[in-house]
Amino acid sequence: MIEDQQESWMSKIRNFAPIIEKAEYELFKSKADVQKINAKLKAQAIDKGFKTVSGQENYAENQEELYQARLLVGVKQGFLTSTKVQLEAIKVGFEEWRTKMVNKREERRRYAVSE
């Protein structure tokens with residue numbers, strides 16, 4: 001019975017691995033997309049006559065496409081953080097359950113000795 005409960009907790013924890021893996025990938029991809037869009041927009045800025053690096057950066061920063069890509073990074077980061085918080089909550093629940101099991105065993109042992 002205790003082994004089944006422990007396996008249930010461990011299964012809940014393991015189930016987060018693929019979710020976190022996907023969230024990490026999505027965040028990395030979103031950050032790469034921001035860099036790619038930024039580079040593309042700076043190249044466009046050169047075509048439009050912006051000769052200085054600061055002018056090119058200013059042009060790129062003022063484009064909606066880059067803004068939206070950065071917002072997406074924030075969304076992906078938020079999802080990853082939220083998933084990690086959920087995982088930590090399950091770990092805390094597991095540790096609480098494990099502590100209760102240890103306390104029950106100790107209590108049974110004390111009663112068995114005193115009889």
Side-chain angles (χ1 to χ4, degrees):
M1 169 119 169
I2 290 176
E3 291 82 17
D4 291 342
Q5 288 175 327
Q6 184 173 356
E7 180 53 35
S8 174
W9 281 106
M10 299 306 287
S11 177
K12 287 178 187 178
I13 292 170
R14 279 192 303 271
N15 287 341
F16 273 88
I19 297 169
I20 291 174
E21 177 184 21
K22 184 175 184 213
E24 292 273 1
Y25 168 78
E26 292 292 330
L27 176 60
F28 179 82
K29 183 180 179 304
S30 295
K31 287 180 178 181
D33 289 344
V34 165
Q35 290 178 336
K36 185 177 178 180
I37 291 167
N38 193 25
K40 179 185 80 171
L41 291 172
K42 285 180 181 178
Q44 286 177 4
I46 292 170
D47 290 343
K48 292 182 185 265
F50 293 92
K51 295 182 190 233
T52 64
V53 171
S54 64
Q56 294 161 15
E57 287 175 358
N58 192 35
Y59 173 82
E61 291 297 327
N62 284 305
Q63 301 305 307
E64 183 68 18
E65 183 180 8
L66 186 58
Y67 175 74
Q68 291 300 323
R70 287 207 168 117
L71 287 179
L72 188 58
V73 168
V75 169
K76 302 293 183 177
Q77 182 68 56
F79 179 75
L80 177 60
T81 301
S82 170
T83 302
K84 287 181 177 180
V85 167
Q86 291 175 41
L87 175 59
E88 284 304 311
I90 288 176
K91 286 179 180 179
V92 166
F94 173 68
E95 290 302 322
E96 182 180 331
W97 172 82
R98 195 165 74 165
T99 300
K100 285 179 183 176
M101 294 299 105
V102 168
N103 289 343
K104 281 183 181 180
R105 280 195 306 268
E106 288 298 317
E107 192 173 320
R108 275 186 255 143
R109 196 174 314 157
R110 274 188 236 131
Y111 286 126
V113 170
S114 64
E115 289 179 8

field: Side-chain ion pair, Glu106 and Arg109, N-O less than 4.0 Å
entry: yes

task: Would you please test Phe79 and Ile19 for side-chain contact (heavy atoms from CB on, under 4.5 Å) and show each step?
output: CA-CA 10 Å; Phe79 179 75; Ile19 297 169; 4.2 Å; yes

task: Specify the closest pair of heavy atoms between Leu66 and Val34, including all atoms of both residues, with the distance to one decimal.
output: CD1-O, 3.7 Å

query: Counting N and O atoms only, with roles assigned by atom type, does the side chain of Asn15 sit under 3.5 Å from a partner on the main chain of Ser11, one being a donor and the other an acceptor?
result: yes

- prompt: Applying side-chain hydrogen bond (donor to acceptor under 3.5 Å, both in side chains), which residue pairs with at least one partner in residues 83-93 are found, sequence neighbours left out?
  reply: Glu24-Lys84, Ser82-Gln86, Glu88-Lys91

query: Quick check: does any side chain N or O of Asn62 sit under 3.5 Å from a backbone N or O of Asn58, one acting as donor and the other as acceptor?
result: yes

- prompt: Does the ring of Trp97 carry Lys100 above it, NZ/CZ under 6.0 angstrom from centre and within 45° of its axis?
  reply: no

- prompt: Once you round to the nearest 0.5 Å, how far does CD of Glu26 lie from CG of Leu72?
  reply: 8.5 Å

- prompt: Which residue pairs satisfy the ring-ring contact (aromatic ring centres under 6.0 Å, His included) criterion with at least one member in residues 24-49, sequence neighbours excluded?
  reply: none

- prompt: Would Arg98 and Glu95 pass as an ion pair if we require N to O under 4.0 Å?
  reply: yes

- line: Note: Phe50 and Gly55 closest approach over all heavy atoms is CD2-O, 3.8 Å

field: Closest contact, heavy atoms only, Ala60 versus Lys42
entry: CB-CG, 4.1 Å

